Student: 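Quick one: the structure is below, questions incoming.
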Amino acid sequence: MHHRVKNNLQIVMSLLNTQSAFLKNNAALAAIRESQNRVQAIALIHQKLYSSSNVAFIDIAVYISELVNYLADCYDAHERGIRFEQQIERVKIDVAQAVPVGLMLNEAITNAIKYAFPHKRGYINISLGTLDDNNIMLSIADNGIGLPQGFDIKEASSLGMEMMKALSKQLGGNFKMENSEGVAITLVFRAEKNFGNIEN
């Protein structure tokens, strides 16, 4: 099943790629590219599930590493002097939660790459770990230019922001975005099912 889903997502990626070939408008091309990245974030999850002996849980550390590499390549992040730091516990996350977590990561990392460093180098730190037996904390932080003065997360209405709000709600999580020597996004959510550390 996961193999079929992954193949269908790859078809969607190809359709988006074909559509982009006929577009001349830069804003439309950027929107197609961001949609491709969202589809790829989901496809990576199904790729991991298909190659795993356990089709109910995903090794989130391996997934995040591959997603970061994919997004860094898409936006030439390394060439722009943006480095990535990762502190990820090797925990298993239920597939029903892996998709919104993956999309959340995609939006937050993409925003940081695109907007945090207009004139300088910097870093993006991604961390994920267990707070206790039931809760997980995800954090994406950068040392870029920070949020605009007067920014109010409740009033922000961009597609990416609306997606992150909806995804955190889907996870039943507590979502925060604030200035902290750059932008810091944190999401604390309750694991849907029992999870545990993956042995090396």
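Keep in mind the model is a prediction, meaning the values are calculated, not measured. Numbering of residues begins at 1 and proceeds along the displayed sequence.
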Student: Could you check whether any side-chain heavy atom of Leu138 comes within less than 4.5 Å of a side-chain heavy atom of Ile136, counting everything from C-beta outward?
Tutor: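 Result no, sub-4.5 Å side-chain heavy-atom pair not found.
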Student: Using residues 102-109 as the side-chain source, report each donor-acceptor pair under 3.5 Å to any protein atom, sequence neighbours left out, with the distance given to one decimal.
Tutor:
residue	atom	partner	partner atom	Å
Glu107	OE1	Arg38	NH2	3.2
Glu107	OE2	Arg38	NE	2.5
Glu107	OE2	Arg38	NH2	3.4

Student: If the condition is side-chain hydrogen bond (donor to acceptor under 3.5 Å, both in side chains), which residues does Tyr63 pass it with, not counting sequence neighbours?
Tutor: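 Counting only residues at least two positions away or on another chain, Tyr63 forms no side-chain hydrogen bond (donor to acceptor under 3.5 Å, both in side chains).
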Student: Could you list the residues that satisfy side chain to side chain contact (heavy atoms under 4.5 Å, CB included) with Ala72, not counting sequence neighbours?
Tutor: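 Ala77, His78, Phe84.
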Student: Between Ile60 and Val62, is there a shared hydrophobic cluster once you connect ILVMFWY residues whose side-chain heavy atoms come closer than 4.5 Å?
Tutor: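 Ile60 does not cluster with Val62.
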Student: Hey, could you give me the CE/CD distance between Met163 and Glu34, rounded to the nearest 0.5 Å?
Tutor: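 The distance works out to 10.0 Å.
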Student: Could you tell me whether the side chain of Val101 reaches within less than 4.5 Å of the side chain of Phe189, counting heavy atoms only?
Tutor: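 The answer is yes, as the side chains (C-beta and beyond) meet within the 4.5 Å cut-off.
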Student: Quick check for you: to the nearest 0.5 Å, what is the distance between Ile126 atom CD1 and Ser139 atom OG?
Tutor: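 The distance works out to 9.0 Å.
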Student: Once rounded to the nearest 0.5 Å, what's the spacing between atom CD1 of Ile124 and atom CD1 of Ile82?
Tutor: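 One gets 5.5 Å once the value is rounded to the nearest 0.5 Å.
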Student: For Pro100 and Gln170, which heavy atoms make the closest approach, and how far apart are they?
Tutor: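 Nearest pair, atom of Pro100 first, then Gln170: CG-NE2, 3.9 Å.
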Student: Report whether Tyr70 and Val68 are members of the same hydrophobic cluster (ILVMFWY, side-chain heavy atoms less than 4.5 Å apart, transitive linking).
Tutor: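 Same cluster: Tyr70 reaches Val68 through Ile, Leu, Val, Met, Phe, Trp or Tyr contacts under 4.5 Å.
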Student: Taking only residues two or more places apart in sequence, or in another chain, which ones meet Lys176 in a side-chain hydrogen bond (donor to acceptor under 3.5 Å, both in side chains)?
Tutor: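 Lys176: no side-chain hydrogen bond (donor to acceptor under 3.5 Å, both in side chains) contacts found.
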Student: Any salt bridge (Lys or Arg N to Asp or Glu O under 4.0 Å) involving residues 64-81? Give me the pairs, sequence neighbours left out, ordered by first then second residue.
Tutor: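 Those involving residues 64-81 are Lys48-Glu66.
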Student: Would you please name every residue forming a side chain to side chain contact (heavy atoms under 4.5 Å, CB included) with Arg121, sequence neighbours left out?
Tutor: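 Expected list: none.
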Student: Check whether any side-chain heavy atom of Val91 sits under 4.5 Å from a side-chain heavy atom of Leu128, and report yes or no.
Tutor: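 With C-beta onward as the side chain, the pair touches.
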Student: For Lys169, which residues count as a side chain to side chain contact (heavy atoms under 4.5 Å, CB included) partner, sequence neighbours excluded?
Tutor: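 Applying side chain to side chain contact (heavy atoms under 4.5 Å, CB included) to Lys169 gives none.
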Student: List, by chain and number, the other hydrophobic cluster members for Met137, where Ile, Leu, Val, Met, Phe, Trp and Tyr join if side-chain heavy atoms come within less than 4.5 Å, directly or indirectly.
Tutor: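 When side chains under 4.5 Å apart are linked, the cluster holding Met137 also contains Leu131, Val188.
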Student: Starting at CG of Leu187, measure out to CG of Asn174 and round the result to the nearest 0.5 Å.
Tutor: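 Separation between the atoms: 8.0 Å.
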Student: Where is the tightest heavy-atom contact between Ala61 and Arg90, given as atom of each residue plus distance?
Tutor: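 Closest approach of Ala61 to Arg90, heavy atoms only: CB-CG, 3.8 Å.
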Student: Taking only residues two or more places apart in sequence or in another chain, which ones pass side chain to side chain contact (heavy atoms under 4.5 Å, CB included) with Glu85?
Tutor: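 With sequence neighbours excluded, Glu85 shows a side chain to side chain contact (heavy atoms under 4.5 Å, CB included) to Arg83, Gln87, Tyr123, Asn125, given in chain and number order.
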Student: Which one of Val95, Ile45, Asp94 satisfies the side-chain contact (heavy atoms from CB on, under 4.5 Å) criterion with Ile58?
Tutor: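 Single side-chain contact (heavy atoms from CB on, under 4.5 Å) partner of Ile58 among Val95, Ile45, Asp94: Ile45.
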Student: CD/Glu181 to CG/Asn179 distance, rounded to the nearest 0.5 angstrom?
Tutor: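 Atom-to-atom, Glu181:CD and Asn179:CG are 10.5 Å apart.
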Student: Report yes if the side chains of Phe117 and Asp142 come closer than 4.5 Å at any heavy-atom pair, otherwise no.
Tutor: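 SC-SC contact between Phe117 and Asp142 confirmed.
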Student: Do Asn111 and Met164 have side-chain heavy atoms sitting under 4.5 Å apart?
Tutor: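 When only atoms from C-beta onward are counted, Met164 and Asn111 do touch, with a gap below 4.5 Å.
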Student: Can you see which heavy atom on Pro118 is nearest to which on Ile145, and at what distance?
Tutor: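 Here Pro118 and Ile145 meet closest at CD-CG2, 3.7 Å.
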Student: Looking at CD1 of Ile64 and CG of Leu67, how far apart are the two atoms once the value is rounded to the nearest 0.5 Å?
Tutor: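 One finds 8.0 Å between CD1 of Ile64 and CG of Leu67.
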Student: Does Leu44 belong to the same Ile/Leu/Val/Met/Phe/Trp/Tyr cluster as Tyr75, with side-chain heavy atoms less than 4.5 Å apart forming each link?
Tutor: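 Same hydrophobic cluster.
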